[in-house]
Enquirer: 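Below is a structure I'd like to ask you about.
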Amino acid sequence: MNASGQIKELKEKLNDHNYNYYVLNDPIISDGEYDTLLRKLEKLEKENPKLATKDSPTQRVGAKPLKSFQSIEHKIPMLSLANAMNDEEIVEFYDRIVKGLGSDRGLSFVAEPKLDGIGVELIYEDGVFQYGLTRGDGVKGEDITQNLKTLRSIPLALRTKELIPPKLLEVRGEVFIMIEDFKKLNEHRAKNEEPLFANPRNAAAGSLRQLDPNIAYKRPLSINCYDSGEIKGIDFNSHSSFLNALKSWGFPVNKHIKIINKKREMAQYHHDLESKRLSLGYEIDGTVFKVNDIKQRKMLGVRSRSPRWAIAGKFKAQQSTTKIKNIIPSVGRTGAITPVASLEPVNVGGVIVTNATLHNQDEVNKKDVRIGDTVLIQRAGDVIPEIVKVIQKKRPDGLLPYYLPNQCPSCNYDILKEDNEAVARCINIICPSQIKGKIKHFASKNALDIEGLGEKIVNQLVEEDIIHTVDDIFTITFDDLVGLERMAEKSANNLLSSIEKSKLTTFSRFIYALGIRNVGYHLSKVFEKYFKGDIIKFMNAHFDELEAIDEVGPIVAETIINFWANKSNIDIVQSCLSNGLKIDNKKELKSNKLDGKTIVFTGSLSQFSRSEAKELTESHGGVTSTAISKKTNYLVSGDKSGSKIEKANNLNVSIITEQEFLNLIN
Ligand code: IVH
């Protein structure tokens, strides 16, 4: 094939991979393989500079830093949305629409999450990305093309499989940062002593406003598209058909978007989304309801700054103020000492909060938090509430700064803080708090999942000197258990049998259970796949081998080497094995494609049996369940499926066919 043909093929391949990775969340090649293809394309383009086009994936990085941003006018102003503060105001909005249209005939709405990020506009001509702007003041925005190009979820060339792109297409959406990514970003900044971002929104805004696109490139920015600016060359008669076109062109569109036909379903959607808010993985601050039909939109028109055909339903505030009763140092399983503020109970967005983490001494100093202070607290997309700031005006006289103790509150051993770490640690390996934490972690859901071995029992077992290390769990006897406070014979037997059951486990569960620092649930699966379930090989792996594994960096490799350099860790593994722990290699992972996904199968299946379905799911890192809940990711529906379909629809769970399930894992 000639250079031009090769370049074309590589561009298509790379664009497909970007689409699979960033839009479908379903990568089919590793980052390493992607880079190899990209380098090949770079080389070919260097040799044939005339063939390097604007839409080439090589154009995402490498642009020179700007001196300043140019201001550009939006062809059509980017409006804002009027707010509905509660259910009544959502109903009033509906009634206003019906009044405006003269009837509710053919009226439907598209309900969407209101993403808490930065509004942007992307301009495409004949299917090729030209430039992109911030929303700015709605009339004019800043040209942030270079930074937007670094988002691999933004197509540089539109996909054309289903629909030819129009002459002009202006797409609007929200750039944001996933909460997990935000945490990692801040952790990284803390390590480098850079100022932390207050929240994901500020981090996204700050990243888009970088004059150097190489900085933006390193920021984990995501985008969801939800609106149009000017379009020439294609007409849509509904918003939902526009969103479908966006999907077919390769834009990421939020998966919780739903068409709503009835008035009462609006508040229902709003509440459902509010209850999912903390589990979405990104921040939203409400819902948006938009009239679906474009003709009806035109009839309703716009006010000066917001359209009459849309409204934003606001969620209850996720911030409140309260008083700090005490600050208590808590010792984690790795010995990390975290100052935890004990609060006067307060309702934050519908949940009563009594504790908030202060992370570490630096955080306490920076925010100058003192016992007795009144503070603003917030729940982000996280279960652990945080202290945002002290309300200085309310500080009574005489409060003293807070310092973590020099001795571990659990074992009185010295606490040490390494210069390069923000956390202080108790370094006593037989500290009871650490032991309890390690054992709780070992028995937890994603680890050995030992039912009945909860916090209270672990505390008693450690305090009564019955167990000291995780492998001691396997030598607990009936007599040990019935001797504990409030432990009946039946519960003792149940616990013994769930301990017995937990002995047949997988490589990834066991590795995760050991609690090696920096090796979480996901990495343990990466290792399972790489070492094919062979724990001895994992224990003997050298630094270079570990570091060469995809997703493993030098820090993780070093922690693992250090972990096995400690003989007591090897003893623990050996003791677990000699006490009957078995790694079931049948359950070895074929891929991580269903990592963290819960799948329900329903109806009569024709391509595989129920047990094969379960095995297939697990071998790709997923779990199956028999009941649909909001945690379900997919309902795989065979013939004659019943009520599950309706339930899945209500809970916004994706329903797929058997073949689509097989496509997911192949
Ligand atoms: S539609 C007139 N849809 O909210 C239509 N906006 O207050 C306005 N936003 O500037 C845009 N999620 O940055 C729309 N699903 C969504 C949205 C959304 C977040 C932001 C957007 C806009 C602001 C309006």
Side-chain angles (χ1 to χ4, degrees), residues 74-85 89-90 93 96-97 109-122 132-142 144 148 151 153-154 170-178 199-202 204-205 207-209 221-231 236 238-240 242-244 246-247 251-260 266 269-270 272-274 276-277 280-294 296-315 381 652:
H74 298 287
K75 291 206 185 72
I76 298 177
M78 289 179 78
L79 299 176
S80 24
L81 293 163
N83 289 329
M85 302 311 288
E89 292 186 12
I90 294 179
F93 165 72
R96 266 201 310 279
I97 297 285
F109 293 88
V110 175
E112 306 179 3
K114 185 160 190 294
L115 304 154
D116 194 8
I118 305 299
V120 299
E121 181 167 61
L122 312 167
L133 311 175
T134 56
R135 175 177 182 274
D137 62 5
V139 177
K140 275 185 185 156
E142 282 176 325
I144 51 162
L148 288 169
L151 271 78
S153 51
I154 294 183
E170 296 187 341
V171 175
R172 293 168 177 184
E174 201 84 354
V175 172
F176 59 97
I177 294 187
M178 300 288 294
N199 54 50
R201 185 177 190 281
N202 286 5
S207 305
L208 286 181
R209 294 213 74 255
L221 297 168
S222 301
I223 187 170
N224 274 184
C225 297
Y226 49 61
D227 196 15
S228 60
E230 192 167 35
I231 303 183
F236 293 101
S238 68
H239 182 54
S240 50
F242 168 70
L243 292 176
N244 283 333
L246 284 185
K247 281 191 227 167
F251 291 98
V253 173
N254 191 279
K255 66 170 195 193
H256 296 282
I257 294 181
K258 198 177 162 189
I259 296 184
I260 282 188
M266 297 174 93
Y269 177 87
H270 184 76
D272 286 350
L273 200 60
E274 188 162 20
K276 284 188 202 145
R277 182 178 187 181
L280 292 176
Y282 45 88
E283 295 201 337
I284 61 172
D285 53 2
T287 43
V288 185
F289 296 100
K290 304 171 179 175
V291 168
N292 193 14
D293 187 282
I294 304 298
Q296 289 176 341
R297 284 189 181 187
K298 289 198 176 121
M299 282 169 72
L300 293 159
V302 296
R303 301 184 203 88
S304 64
R305 294 180 50 207
S306 58
R308 284 203 184 82
W309 44 260
I311 196 131
K314 287 292 203 181
F315 288 153
N652 257 333

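Counting starts at 1 for both ligands and their atoms, following the listed order. Here, residue 1 is the first one in the sequence, and each next residue gets the next number.
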Enquirer: Measure the spacing between CD1 of I223 and CG of L208 and express it to the nearest 0.5 Å.
Expert: 8.5 Å

Enquirer: Could you check if a side-chain atom of V288 sits within less than 4.5 angstrom of a side-chain atom of K290, using non-hydrogen atoms only?
Expert: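 Side-chain contact under 4.5 Å: yes.
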
Enquirer: Count the heavy atoms of every other residue, nucleotide or ligand shown that sit under 6.0 Å from NZ of K140, and state whether that count exceeds 12.
Expert: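 No, because the 6.0 Å sphere around NZ of K140 holds 12 heavy atoms or fewer from other groups.
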
Enquirer: Does M266 reach the side chain of F93, with side-chain heavy atoms less than 4.5 Å apart?
Expert: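 The answer is yes; the side chains approach within 4.5 Å.
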
Enquirer: Give every pair formed by an N or O atom of ligand 1 and a protein N or O atom closer than 3.5 Å, one pair per line with both atom names and the distance to 0.1 Å, or write none.
Expert:
residue  : atom   : partner : partner atom : Å
ligand 1 : 3 (N)  : K290    : NZ           : 2.9
ligand 1 : 4 (O)  : K114    : NZ           : 3.4
ligand 1 : 7 (O)  : L81     : N            : 3.3
ligand 1 : 10 (O) : R135    : NE           : 3.2
ligand 1 : 12 (N) : L115    : N            : 3.0
ligand 1 : 13 (O) : E174    : OE1          : 2.6
ligand 1 : 13 (O) : E174    : OE2          : 3.4
ligand 1 : 13 (O) : Y226    : OH           : 3.2
ligand 1 : 15 (N) : E112    : OE1          : 2.8
ligand 1 : 15 (N) : P113    : O            : 3.2

Enquirer: Going by side chain to side chain contact (heavy atoms under 4.5 Å, CB included), C225 matches just one of L246, V120, N254. Which one?
Expert: L246

Enquirer: As a test of understanding, state which of E230, E170, E121 forms a side chain to side chain donor-acceptor pair (under 3.5 Å) with K75.
Expert: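 Of the listed residues E230, E170, E121, the side chain to side chain donor-acceptor pair (under 3.5 Å) partner of K75 is E170.
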
